[in-house]
Engineer: 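Supplied in structure tokens, the structure appears directly below.
It should be emphasised that the depicted structure is a prediction, and the values quoted were computed from it without experimental measurement. Each ligand, and each atom within it, is numbered from 1 in the order the structure gives.
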Amino acid sequence: MYPFELHRPASIADAAALLAKTGGKALAGGQSLVAAMKLRLAQPGHVVDLSGLAELKGIRREGDAVSIGAMSRHADIASSDVVKGAIPALAALAEGIGDRQVRNVGTIGGSLANNDPAADWPAAVLGLNATVHTNKRKVPADEYFRGMYETALADDEIIVSVSFPVPKKAAYAKFPNPASRFALVGVFVALSGPGVRVAVTGAASSVFRCKPLEDALARSFTAAAAKAVKVDAAGLNADLHGSPAYRAHLVSVMAARAVTSAG
Ligand SMILES: Cc1cc2nc3c(=O)[nH]c(=O)nc-3n(C[C@H](O)[C@H](O)[C@H](O)COP(=O)(O)OP(=O)(O)OC[C@H]3O[C@@H](n4cnc5c(N)ncnc54)[C@H](O)[C@@H]3O)c2cc1C
């Protein structure tokens, strides 16, 4: 590891000012950032530790939504009674991330800022039409994800919390990579007042909504309807784990499983 300066700000305003002044990187659990620094893929001269900021913590019900602080660890969300009561699909998704060690360190804010193409949280945020609250603004899910490891966040912008509207029904199904537990394909399905949303992670360079599945499930919210959709393989990932055609097939299969779990 090369030398860098570590800052421990006491407020979001101080953290944002430090990021703007130094051009450094925010640190949540360090699961992605520290690994990238060790590999010299990231070489920030300044690292701004967010762990002391109480404003980034906490999970609460706020009217028709559940608000989850950015520094909530996956394990906090998996075990939260508020989440389990209002949107059990989020608790189940969190429980399926990595392994126990990963869930006890990784955070929802770090995952969303990182926007790994195979991460689980982006599917929940896009599928539930959540809103990402930053220190500067509120970003709707449809405007937040910009591509592989790219988001709408500015370099000195900090995710404070994520607000998830409570759906009528929702579930997430993932086909995990057996080594990393990241999603080879993960599908989040949500039925709510405005309609059906289906978000897919792992299959392409970034999370995306699958319109043919949304249309089919709006007509009939059944596993059979999901399975009958032939997803277009064009543009999907091809690697040693699976071809585009394999991933396209998995999208329908995972959507059908999610609909079954949603009940
Ligand atoms: C072995 C392993 C297995 C994993 N398996 C899975 C899996 O199955 N599914 C899955 O979804 N993920 C998985 N992960 C990812 C992991 O759970 C973390 O969510 C992810 O690595 C981000 O880590 P972090 O929260 O520690 O953030 P960090 O590594 O600290 O930060 C990541 C990036 O986000 C930025 N950042 C952090 N917090 C904020 C904030 N509040 N505002 C703005 N920017 C911020 C940082 O500057 C950095 O650029 C796995 C990781 C490992 C190491």
Side-chain angles (χ1 to χ4, degrees), residues 4 6-7 9 11-12 15-16 18-20 22-39 41-58 68-78 90 92-126 132-137 139 144-145 149-162 172-186 188 199-202 206-207 241:
F4 59 89
L6 180 68
H7 303 268
S11 69
I12 295 177
L18 276 164
L19 290 173
T22 65
K25 295 289 283 180
L27 176 72
Q31 286 205 331
S32 290
L33 182 60
V34 173
M37 288 168 71
K38 279 181 168 174
L39 292 168
L41 295 171
Q43 301 196 7
H46 296 260
V47 172
V48 179
D49 182 3
L50 304 180
S51 63
L53 306 182
E55 303 130 287
L56 303 187
K57 293 177 185 158
I68 301 182
M71 284 298 284
S72 303
R73 300 164 311 148
H74 311 313
D76 299 329
I77 302 167
L90 294 183
L93 176 149
E95 186 65 38
I97 291 177
D99 51 35
R100 196 177 291 272
Q101 287 83 353
V102 166
R103 292 193 291 277
N104 278 326
V105 179
T107 65
I108 187 170
S111 175
L112 292 174
N114 202 41
N115 194 21
D116 187 298
D120 297 302
W121 284 119
V125 168
L126 195 59
V132 178
H133 295 237
T134 78
N135 58 322
K136 298 182 177 185
R137 59 199 168 126
V139 189
Y144 179 80
F145 302 101
Y149 297 108
E150 278 185 35
T151 70
L153 292 178
D155 287 345
D156 60 344
E157 197 165 5
I158 295 171
I159 301 176
V160 175
S161 63
V162 188
Y172 178 64
K174 99 165 151 175
F175 193 88
N177 177 315
S180 70
R181 316 307 293 171
F182 272 97
L184 196 59
V185 168
F188 199 101
V200 180
T201 188
S206 184
V207 65
H241 304 298

Engineer: Kindly compute the distance separating CZ (Phe182) from CG (Asp116), expressed to the nearest 0.5 Å.
Structural biologist: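 Between Phe182 CZ and Asp116 CG, I get 4.5 Å after rounding to 0.5 Å.
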Engineer: Between Gln31 and ligand 1, does any nitrogen or oxygen pair lie at a separation below 3.5 Å?
Structural biologist: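 Such a contact does occur with ligand 1.
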Engineer: With no hydrogens and no angle check, just 3.5 Å: does a side-chain donor-acceptor pair link Ser32 and Asn114?
Structural biologist: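 Yes, side-chain donor-acceptor contact under 3.5 Å.
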Engineer: As an exercise, state the distance from CG of Leu6 to CG of Leu27, rounded to the nearest 0.5 Å.
Structural biologist: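 Reported value, rounded in 0.5 Å steps: 7.0 Å.
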Engineer: Can an N or O of Ala28 be found at a distance shorter than 3.5 Å from an N or O of ligand 1?
Structural biologist: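 The answer is yes, given that Ala28 and ligand 1 share an N or O pair closer than 3.5 Å.
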Engineer: Heavy atoms only, cut-off 4.0 Å: how does Ser111 contact ligand 1, side chain, backbone, both, or neither?
Structural biologist: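 Both the backbone and the side chain of Ser111 come within reach of ligand 1.
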Engineer: Check each atom of ligand 1 against the heavy atoms of Leu50 and keep those under 4.0 Å away; list them by number with element.
Structural biologist: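 Going through ligand 1 atom by atom, the ones under 4.0 Å from Leu50 are 38 (N), 39 (C), 40 (C), 41 (N).
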Engineer: What residue and atom, counting heavy atoms only, is the protein's closest point to atom 8 (O) of ligand 1, and at what distance?
Structural biologist: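 Answer, as residue, atom name and distance: Arg181 O, 2.7 Å.
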Engineer: Checking the N or O distance criterion of under 3.5 Å, is ligand 1 in contact with Gly30?
Structural biologist: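 Yes, at least one N or O pair falls under 3.5 Å.
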Engineer: How far is atom 45 (C) of ligand 1 from its nearest protein heavy atom, and which residue and atom name does that atom have?
Structural biologist: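 Ranked first by proximity to atom 45 (C) of ligand 1 is Ala113 CB, 3.4 Å.
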Engineer: May I ask you to list the atoms of ligand 1 that are less than 4.0 angstrom from any heavy atom of Glu157?
Structural biologist: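 So the answer, numbered in order with elements, is 43 (C).
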Engineer: Starting from atom 4 (C) of ligand 1, find the nearest protein heavy-atom neighbour and note its residue, name and distance.
Structural biologist: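 Going atom by atom, the protein heavy atom closest to atom 4 (C) of ligand 1 ends up being Phe182 CE1, 3.4 Å.
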Engineer: Taking the side chain as C-beta and beyond, is there a heavy-atom pair between Val162 and Tyr144 under 4.5 Å?
Structural biologist: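 No, side chains not in contact.
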Engineer: To the nearest 0.1 Å, how far is atom 33 (C) of ligand 1 from its closest protein heavy atom, and which atom is that?
Structural biologist: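 For atom 33 (C) of ligand 1, the nearest protein heavy atom comes out as Gly110 O, 4.0 Å.
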Engineer: Output yes when a side-chain donor or acceptor of Arg181 lies under 3.5 Å from a complementary backbone atom of Gly96, and no otherwise.
Structural biologist: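 Here the side-chain-to-backbone pair does not exist.
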Engineer: Give the residue, atom name and distance (to 0.1 Å) of the protein heavy atom nearest atom 31 (O) of ligand 1.
Structural biologist: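 Residue, atom and distance for the closest contact: Leu33 CB, 4.0 Å.
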Engineer: Calculate, to the nearest 0.5 Å, the distance between atoms CD1 and CD1 belonging to Ile77 and Ile68 respectively.
Structural biologist: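 Interatomic distance, Ile77 CD1 to Ile68 CD1, rounded to 0.5 Å: 4.5 Å.
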Engineer: Check each atom of ligand 1 against the heavy atoms of Ile158 and keep those under 4.0 Å away; list them by number with element.
Structural biologist: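 Going through ligand 1 atom by atom, the ones under 4.0 Å from Ile158 are 42 (N), 43 (C).
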Engineer: So, regarding Val34 and ligand 1 (criterion: nitrogen or oxygen to nitrogen or oxygen, under 3.5 Å), is there a contact or not?
Structural biologist: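 By distance alone, the answer is no.
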Engineer: Taking both backbone and side-chain atoms of Ala26, is any N or O found less than 3.5 Å from an N or O belonging to ligand 1?
Structural biologist: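 Yes - when backbone and side-chain N and O of Ala26 are compared with those of ligand 1, one distance drops under 3.5 Å.
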Engineer: Taking atom CG of Asp155 as the centre, report whether more than 12 heavy atoms of other residues, nucleotides or ligands fall under 6.0 Å from it.
Structural biologist: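 Check fails, neighbour count at 12 or below.
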Engineer: Where the side chain of Lys136 meets the backbone of Ile158, is there a donor-acceptor pair that is under 3.5 Å apart?
Structural biologist: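 Pair absent, no side-chain N/O of Lys136 close to backbone of Ile158.
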Engineer: Should the proximity of Lys174 to ligand 1, defined as any heavy atom under 4.0 Å, be assigned to the side chain, the backbone, both, or neither?
Structural biologist: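 It is the side chain that gets close, since no backbone atom is under 4.0 Å.
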Engineer: Is there a donor-acceptor pair closer than 3.5 Å between any side-chain N or O of Asn115 and the backbone N or O of Glu150?
Structural biologist: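 Judged by distance alone, yes, a pair lies under 3.5 Å.
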Engineer: Tell me: protein heavy atom nearest atom 41 (N) of ligand 1, and distance?
Structural biologist: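 For this ligand atom, the closest protein heavy atom is Ile159 O, 3.1 Å.
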Engineer: Within a distance under 4.0 Å of any heavy atom of His74, pick out the atoms of ligand 1 and give their elements.
Structural biologist: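 Here the atoms of ligand 1 in question are 16 (C), 17 (O), 18 (C), 19 (O).
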Engineer: Could you list the atoms of ligand 1 found under 4.0 angstrom from a heavy atom of Asp120?
Structural biologist: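 Selected atoms, number and element: 7 (C), 8 (O), 9 (N), 10 (C), 11 (O).
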Engineer: Kindly say whether Ser206 contributes a backbone atom to a donor-acceptor pair with the side chain of Thr201 at under 3.5 angstrom?
Structural biologist: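 No, the answer is negative, given that no donor and acceptor are paired below the 3.5 Å cut-off.
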Engineer: So, is Gly96 polar-close to ligand 1, with some N/O to N/O distance under 3.5 Å?
Structural biologist: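 The answer is no, given that Gly96 and ligand 1 share no N or O pair closer than 3.5 Å.
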Engineer: In the protein, what heavy atom is nearest to atom 2 (C) of ligand 1, and what distance, to one decimal place, separates them?
Structural biologist: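 In this structure, atom 2 (C) of ligand 1 has Val102 CG2, 3.5 Å as its nearest protein heavy atom.
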Engineer: How close does the nearest protein non-hydrogen atom get to atom 20 (C) of ligand 1, and which residue and atom is it?
Structural biologist: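 Ranked first by proximity to atom 20 (C) of ligand 1 is Ser32 OG, 3.4 Å.
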Engineer: Side chain, backbone, both or neither: which part of Asp99 has a heavy atom under 4.0 Å from ligand 1?
Structural biologist: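 Neither; nothing of Asp99 gets under 4.0 Å from ligand 1.
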Engineer: Does Lys25 reach the main-chain N or O of Leu33 with its side chain, forming a donor-acceptor pair under 3.5 Å?
Structural biologist: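 No; judged by distance alone, with no hydrogens or angles, the pair does not exist.
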Engineer: Let me confirm one number: the CG-NE2 distance from Leu184 to His241, rounded to the nearest 0.5 Å.
Structural biologist: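 NE2 of His241 is found 7.0 Å from CG of Leu184.
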Engineer: Which ligand 1 atoms does Gly29 reach within 4.0 Å, using its non-hydrogen atoms?
Structural biologist: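 So the answer, numbered in order with elements, is 24 (P), 25 (O), 26 (O), 27 (O), 30 (O).
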Engineer: Show me which atoms of ligand 1 lie under 4.0 Å from any heavy atom of Ser180.
Structural biologist: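 Taking each heavy atom of Ser180 in turn, ligand 1 has 3 (C), 4 (C), 5 (N) under 4.0 Å.
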Engineer: Which distance, rounded to the nearest 0.5 Å, do you find between the CG of Leu56 and the CD1 of Ile108?
Structural biologist: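 Atom-to-atom, Leu56:CG and Ile108:CD1 are 12.5 Å apart.
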Engineer: Distance from Phe145 atom CZ to Leu126 atom CG, nearest 0.5 Å?
Structural biologist: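 With rounding to 0.5 Å, CZ (Phe145) is 6.0 Å from CG (Leu126).
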Engineer: Just jot down the ligand 1 atoms closer than 4.0 angstrom to any heavy atom of Gly98, in number order.
Structural biologist: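 With Gly98 as reference, the close atoms of ligand 1 come out as 5 (N), 6 (C), 7 (C), 8 (O).
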Engineer: Could you go through the side-chain contact (heavy atoms from CB on, under 4.5 Å) check for Leu53 and Met71 one step at a time?
Structural biologist: CA-CA 9 Å; Leu53 306 182; Met71 284 298 284; over 6 Å; no
